[in-house]
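Each remark here refers to the structure printed beneath this line.
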Amino acid sequence: MVDSASTDSPRLVPCPQCGQDSVYAPSNPYRPFCSKRCKLIDLGAWSSESYRMAEPGSGELGDGEPDTDEQHG
């Protein structure tokens with residue numbers, strides 16, 4: 001038996017970029033992000049290699065957050 005309340009209301013998830021509610025449904029082309037802006041910010045962080053994982057055996061854990069104090073020369 002399917003609960004009609006669960007099919008009537010869209011599933012809301014926190015946007016991975018800003019944390020606001022985001023509709024996780026085919027009607028949102030930017031899912032799981034809330035907007036095109038948040039999706040592009042995340043894409044930019046990936047393309048600039050701001051998201052980093054620790055090298056094996058380095059003892060540092062990668063937390064999945066952008067490296068904000070990266071120095072550009």
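Owing to the predicted nature of the structure, the values given are computational and were not obtained by experimental measurement. This chain uses plain numbering: 1 for the first residue, then up along the sequence.
Considering every non-hydrogen atom in both P10 and V23, the closest pair reads CB-CG1, 3.7 Å. Contact detail for N28 and F33: the closest heavy-atom pair is ND2-O, 3.0 Å. Among all heavy-atom pairs drawn from R31 and P26, the shortest one is NH1-CA, 3.0 Å.
Distance check, rounded to the nearest 0.5 Å: CD1 of I41 to OG of S50 gives 12.0 Å. With rounding to the nearest 0.5 angstrom, the OG atom of S22 is 10.5 Å from the CZ atom of R11. Between the NZ atom of K39 and the CD atom of Q17 there is a distance of 13.0 Å, given to the nearest 0.5 Å.
With a 4.5 Å cut-off on side-chain heavy atoms, C15 and P32 do not count as touching.
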